[in-house]
Amino acid sequence: MTSSRSVKARSSSADVAFAQSSLGHALSAVLAEGSASNRSIANFVLRNPMRVTALKIDEMAEGCQVSTATISRFARDIGFANYGAMRSAVAETLHSEMQPVDKLRHTIENRQGSVWPGDQSMEYALANISATRNAQSQTEMEQVVKKLSGARTVYVLGFGLSSYLAGLLSLHLQPFCPHVVEVAGQGGTEVAAGHLANVGPNDLLVVISFPRYALDVVRLAKFARDHGACVISITDAPASPLVEVSEHVLYANSGHAVLPSSATAAVAVIEALAVSLMVSNKDNVEKAARLTEAISSYLYGPATGKRTAKKGI
């Protein structure tokens with residue numbers, strides 16, 4: 001089965017894979033330190049790698065709102081003879097990075113005979129986790145763990161279905177961070193804005209959003225950034241509106257043939273982040289042991305089939 005959503009799923013996977021390639025890293029470096037015109041071009045290529053492979057130089061210039069001469073100079077600056085060579089490199093990178101994922105998706109979508117939708121959904125989940133694992137940057141994850149460990153307060157924000165992901169991440173972080181605040185909780189934008197009212201330079205905001213992106217999530221992330229907080233996002237692709245307001249990004253593929261987005265890979269990234277934080281230093285290992293000891297008396301006892309709470313509690 002081929003649909004606009006499955007095409008979108010492939011595009012999302014391609015964007016993430018391309019951003020993590022050597023060419024993607026080179027473009028990210030330009031995005032961080034280049035001139036205004038070069039940043040505009042690098043941003044366009046990172047957000048639209050598949051589209052770039054089909055654009056002529058004048059179409060590329062129009063899309064970036066620069067001259068064709070600027071496009072040619074940009075291509076030479078990052079090591080290519082001309083724009084055509086750069087465009088070919090983008091295409092080759094996409095093909096190389098995406099071949100395994102595309103092969104799996106093609107198998108799912110073009111299978112002969114009747115397919116149980118639930119089985120297809122699970123196969124999409126497997127494909128998303130595989131693509132996310134292959135594209136995940138260990139360095140980025142380690143930097144995020146370092147920022148989490150040093151933050152005064154860690155705020156976690158998500159709306160809609162992402163609010164449940166935010167709750168999951170908050171529960172994982174609470175034993176190992178001095179102060180964790182689930183920004184939205186059961187409330188909406190007003191509650192979230194209230195929690196972020198005093199956010200500052202020593203704080204960190206983890207913001208989670210996937211298609212369809214919540215506008216207020218982006219606004220609140222910008223608010224936190226403008227007040228000096230470190231913003232880390234968990235989202236699906238470099239084209240996500242959260243990327244431009246974030247200091248660090250952890251990508252989780254969310255493509256699905258039916259759902260607007262799948263949360264399976266996002267849960268995997270959250271668990272990977274939690275485990276990375278837990279084992280990052282001996283103190284956290286000891287905290288985990290103390291937590292287990294503290295709650296053990298309230299856990300279900302397999303020997304008795306009853307809760308093993310202390311007498312009188």
Side-chain angles (χ1 to χ4, degrees), residues 15-16 19 27-47 64-65 137 139-163 165-167 169-170 173-174 177-252 266 269-270 273 277:
D15 291 351
V16 174
L27 291 167
S28 296
V30 175
L31 194 60
E33 302 175 357
S35 64
S37 59
N38 280 1
R39 288 199 304 270
S40 175
I41 299 168
N43 180 64
F44 186 90
V45 177
L46 283 168
R47 286 178 175 273
C64 299
Q65 297 184 330
S137 166
T139 300
E140 190 81 348
M141 184 76 75
E142 290 173 348
Q143 290 175 343
V144 170
V145 166
K146 185 176 180 180
K147 293 290 176 66
L148 285 170
S149 300
R152 177 183 61 183
T153 299
V154 175
Y155 296 91
V156 186
L157 172 62
F159 286 129
L161 290 176
S162 292
S163 68
L165 296 173
L169 178 58
S170 297
L173 295 181
Q174 280 171 358
C177 298
H179 189 208
V180 177
V181 177
E182 187 182 346
V183 177
Q186 297 302 310
T189 303
E190 186 175 350
V191 171
H195 279 141
L196 287 173
N198 296 314
V199 70
N202 296 317
D203 301 323
L204 181 149
L205 171 65
V206 181
V207 57
I208 305 172
S209 190
F210 293 87
R212 310 161 208 147
Y213 308 109
L215 178 60
D216 286 335
V217 162
V218 180
R219 289 173 173 168
L220 290 170
K222 288 180 178 178
F223 176 86
R225 180 199 61 185
D226 293 345
H227 284 74
C230 172
V231 176
I232 293 167
S233 66
I234 300 177
T235 190
D236 66 313
S240 166
L242 288 176
V243 172
E244 65 182 73
V245 300
S246 302
E247 185 172 336
H248 298 285
V249 181
L250 298 178
Y251 291 111
V269 168
I270 286 170
L273 177 59
L277 177 63

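Owing to the predicted nature of the structure, the values given are computational and were not obtained by experimental measurement. These numbers come from the heavy atoms of this one structure, side chains and all, not from hydrogens, waters or symmetry mates.
- Separating the NE2 atom in H248 from the CG atom in L148 is a distance of 10.0 Å, to the nearest 0.5 Å.
- Taking both residues in full, the closest heavy atoms of I208 and L169 are given as CD1-CD2, 4.3 Å, listed atom of the first, atom of the second, then distance.
- In this structure, S209 and T235 approach most closely via the heavy-atom pair O-OG1, 2.8 Å.
- Listed for the S40 side chain is a donor-acceptor partner under 3.5 Å among the backbone atoms of C64.
- At least one donor-acceptor pair under 3.5 Å links the side chain of R39 to the backbone N or O of G34.
- Considering SG of C230 and CD of Q143, their distance stands at 10.0 Å, rounded to 0.5 Å.
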Tell me, with the steps shown, if S233 and V245 meet side-chain contact (heavy atoms from CB on, under 4.5 Å).
CA-CA 9 Å; S233 66; V245 300; over 6 Å; no
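- Between the E140 side chain and the L250 main chain, no donor and acceptor come within less than 3.5 Å of each other.
- Formation of a donor-acceptor pair under 3.5 Å by the S149 side chain with backbone atoms of V145 is found in this model.
- For the side chain to side chain contact (heavy atoms under 4.5 Å, CB included) criterion with N43, the lone passing option out of L31, V30, N38, V243 is L31.
- Using a 4.5 Å heavy-atom cutoff, the side chains of V199 and L205 are not in contact.
- The heavy-atom pair separating N198 from R152 by the smallest distance is O-NH2, 4.3 Å.
- In terms of heavy-atom proximity, G160 sits nearest to S163 at O-OG, 2.6 Å.
- The structure places CG of L220 at 12.5 Å from OH of Y155, a figure rounded to the nearest 0.5 Å.
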Assess whether side-chain contact (heavy atoms from CB on, under 4.5 Å) is satisfied between L242 and V249, documenting all intermediate values.
CA-CA 9 Å; L242 288 176; V249 181; over 6 Å; no
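- From L157, atom CG reaches atom CD1 of I234 across 11.5 Å, with rounding to the nearest 0.5 Å.
- Looking at every heavy atom in both residues, G158 comes nearest to A166 through N-CB, 3.8 Å.
- Applying the side chain to side chain donor-acceptor pair (under 3.5 Å) test to pairs two or more places apart or on separate chains, none has a residue in residues 220-231.
- Within the 3.5 Å criterion, the main-chain N or O of F210 finds no donor-acceptor partner in the side chain of D236.
- The shortest side-chain heavy-atom distance between M141 and L273 falls under the 4.5 Å cut-off.
- If you take NZ on K147 and CD on E142, they are separated by 13.5 Å, rounding to the nearest 0.5 Å.
- Atom CD of residue E247 and atom CG of residue L204 lie 8.5 Å apart, to the nearest 0.5 angstrom.
- The closest side-chain heavy-atom distance from E244 to R47 is below 4.5 Å.
- Closest of all the heavy-atom pairs between V183 and H195 is O-ND1, 2.6 Å.
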